[in-house]
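Below is one structure, written out as structure tokens; comments come after it.
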Amino acid sequence: MSAPQGSGGSGGGLSPATFLGTYSGSNPSNATNGQWWYRVDLGEIWANINGTIMPIQNTGAVTVIVSNTTIANTDVYNDIIVANNATLTIYGNVTFHGNVIIENGSTLLSSNPNASSSAPQTNNYLFLGNFYLNGTYQIAQYNTDNINNNLTIATVSASAGANPTIAGLGTLNIPSTVIITLNVNLTYSGNPTLSGSGTINISLGYTLTINTNITWTFNLSGSGSISVSSGYTLTIGANITVSNITIAGSGTLSIGSGYTLTLNINYTVTSSSVQFTGSGTLLINQGYTFTINTNITWSSSLNIAGSGTFSISSGYTLTISSNITISNITIAGAGTLTVSSG
């Protein structure tokens with residue numbers, strides 16, 4: 001099946017940064033010079049051109065998708081905008097040469113119709129332009145999506161707002177050489193699987209929120225935040241180092257057996273913070289402190305290592321009710337460490 005194409009070009013016609021969204025029946029009242037939008041009722045792209053509100057002719061390099069559409073095994077050269085609560089279904093080997101905008105309420109769905117429990121399918125995607133995710137990127141069950149190039153996910157300031165979400169029951173695979181940078185507050189929900197050893201880079205000021213139970217295998221970089229929501233567990237399934245990233249939320253961070261989570265940050269455990277568990281190793285590097293600031297019982301066999309500091313604040317008790325190993329770490333603070341009988 002071929003990709004939707006306009007009347008020309010190689011993408012890059014209108015800037016996604018000045019796209020206002022979709023309208024029906026009237027134009028936006030506050031559009032400034034250079035801003036543009038899509039009139040669903042007319043099937044036309046309109047813009048403010050030097051103060052004049054007018055339809056644009058022969059745009060060529062932009063395709064606006066306002067009804068459910070499927071493309072597979074093709075190159076897409078136009079800029080793509082998925083709007084009006086439409087779903088763009090993709091599968092196979094697809095390369096987007098231009099920009100991709102998924103409006104809030106719309107969905108980029110990766111779903112191979114041949115995928116099943118007995119015949120799972122692998123999709124290979126390249127996003128060579130910018131990827132603006134105001135809506136949802138959903139991976140269907142029994143589909144594995146390989147993102148095969150460095151990619152930055154951001155949003156546009158569209159009238160419909162933004163609720164960037166990655167969801168579905170499939171698998172998102174990031175190869176070891178690929179970096180996905182988040183310049184967006186992104187929610188990971190549903191029950192998708194993560195695989196690969198690539199890197200998620202969360203830019204300063206943005207948060208990746210985990211609203212599902214998931215095993216994390218990616219490298220983690222940047223200066224933003226990763227938040228584990230209450231009731232969910234983020235399981236560490238690889239050796240991972242956290243530097244500069246802020247760990248937030250009130251869920252659970254579990255370190256899998258045989259794996260090490262290295263902290264190059266200071267972290268404080270409170271009654272409302274992320275709680276640590278698992279049977280792997282929490283390694284606190286020199287110069288950093290892991291502080292217990294609540295009464296808490298550790299019943300897992302989590303090991304503590306590193307040359308940093310493990311501190312229990314005054315007035316609080318850490319109760320150990322399993323066999324754990326503490327290696328090299330400095331124990332500090334004026335609180336209480338209790339080891340249960342047995």
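Keep in mind the model is a prediction, meaning the values are calculated, not measured.
Here the side chain of Thr309 pairs no donor or acceptor atom with the backbone of Ser311 at under 3.5 angstrom. A donor-acceptor pair under 3.5 Å links the side-chain atoms of Ser15 to the main chain of Ala17, judged by distance alone. A distance-only check finds a donor-acceptor pair linking the side chain of Asn134 to the backbone of Val156 [under 3.5 Å]. Gln121 contributes a side-chain N or O that, together with a main-chain N or O of Ala119, makes up a donor-acceptor pair within less than 3.5 Å. Listed for the Asn295 side chain is a donor-acceptor partner under 3.5 Å among the backbone atoms of Thr317. A donor-acceptor pair is defined here as one N or O able to donate and one able to accept, closer than 3.5 Å; such a pair exists between the side chain of Asn143 and the backbone of Gln141.
Ile265 has its side chain out of reach of Asn244: every pair of non-hydrogen atoms, C-beta onward, lies at least 4.5 Å apart. With contacts defined as side-chain heavy-atom distances shorter than 4.5 Å, the pair Val82/Thr107 does not qualify. Here the side chains of Ile245 and Ser225 are not in contact, with every heavy-atom distance at 4.5 Å or above. By the 4.5 Å heavy-atom criterion applied to side chains, Ile139 and Pro192 are not counted as neighbours. Looking only at side-chain heavy atoms (C-beta outward), Tyr23 and Tyr38 stay at 4.5 Å or farther from each other. At least one side-chain heavy atom of Pro113 sits under 4.5 Å from a side-chain heavy atom of Tyr91.
Here the shortest heavy-atom pairing between Ile200 and Leu208 reads CG2-CD2, 4.5 Å. Of all heavy-atom pairs spanning Tyr259 and Ile236, the tightest one is CD1-O, 3.8 Å. The shortest heavy-atom contact between Ile166 and Leu186 is CD1-CD2, 3.7 Å. Taking both residues in full, the closest heavy atoms of Asn30 and Gln35 are given as O-OE1, 4.0 Å, listed atom of the first, atom of the second, then distance. Taking each heavy atom of Asn85 and Ser106 in turn, the nearest pair found is N-OG, 3.2 Å. Shortest non-hydrogen contact noted between Thr155 and Val184 is CG2-CG2, 3.2 Å.
In this structure, the separation between CG on Asn104 and OG1 on Thr136 is 7.5 Å, given to the nearest 0.5 Å. The structure places CG of Asn303 at 10.0 Å from CG of Asn323, a figure rounded to the nearest 0.5 Å.
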Residue pair Trp36, Phe19: steps toward the ring-ring contact (aromatic ring centres under 6.0 Å, His included) verdict
CA-CA 5 Å; Trp36 58 287; Phe19 177 61; 4.7 Å; yes

Working for side-chain hydrogen bond (donor to acceptor under 3.5 Å, both in side chains), residues Asn183 and Ser203:
CA-CA 6 Å; Asn183 289 343; Ser203 297; 2.5 Å; yes

Under the side-chain contact (heavy atoms from CB on, under 4.5 Å) rule, what do Ile284 and Ile329 come out as? Steps first, then yes or no, please.
CA-CA 8 Å; Ile284 307 163; Ile329 209 80; 3.8 Å; yes

Could you walk me through whether Ser327 and Thr325 pass the side-chain hydrogen bond (donor to acceptor under 3.5 Å, both in side chains) test, one step at a time?
CA-CA 6 Å; Ser327 306; Thr325 301; 5.9 Å; no

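With hydrophobic clusters built from ILVMFWY side chains whose heavy atoms lie under 4.5 angstrom apart, Leu133 shares a cluster with Tyr125. Leu234 and Leu172 fall within the same hydrophobic cluster, where Ile, Leu, Val, Met, Phe, Trp and Tyr residues are linked whenever their side-chain heavy atoms come under 4.5 Å apart, directly or through other members. Note on Phe218 and Tyr137: same hydrophobic cluster, where clusters join Ile, Leu, Val, Met, Phe, Trp and Tyr whose side-chain heavy atoms are under 4.5 Å apart, directly or indirectly. Note on Leu204 and Ile247: separate hydrophobic clusters, where clusters join Ile, Leu, Val, Met, Phe, Trp and Tyr whose side-chain heavy atoms are under 4.5 Å apart, directly or indirectly. Ile179 and Ile147 are members of different hydrophobic clusters when ILVMFWY side chains are connected at heavy-atom separations under 4.5 Å.
Side-chain contact check for Ser300 and Thr277: at least one donor-acceptor pair (N or O, by modelled atom type) lies under 3.5 Å. In this model, a donor atom of one side chain and an acceptor atom of the other lie less than 3.5 Å apart for Ser195 and Asn173. With 3.5 Å as the limit, one finds a donor-acceptor pair spanning the side chains of Ser221 and Asn201. Using modelled atom types and a 3.5 Å distance limit, the side chains of Asn123 and Ser110 yield a donor-acceptor pair.
Ring geometry for Phe276 versus Phe290: interplanar angle over 60°, hence perpendicular rather than tilted (30 to 60°). Taking the six-membered ring where the residue is Trp, Phe127 and Phe96 present parallel rings, their angle staying beneath 30° rather than reaching 60°.
For the side chain to side chain donor-acceptor pair (under 3.5 Å) with Asn146, the qualifying choice from Asn124, Asn93, Thr122 is Asn124, the only one to do so. With Leu261 as the fixed residue, the side chain to side chain contact (heavy atoms under 4.5 Å, CB included) test singles out one of Val242, Leu220, Thr281, Asn239: Val242. In summary, of the residues considered (Asn264, Asn285, Thr262), a side chain to side chain donor-acceptor pair (under 3.5 Å) with Ser243 occurs for Asn264 alone.
Identified under the salt bridge (Lys or Arg N to Asp or Glu O under 4.0 Å) test for residues 15-42, with sequence neighbours left out: Arg39-Asp41.
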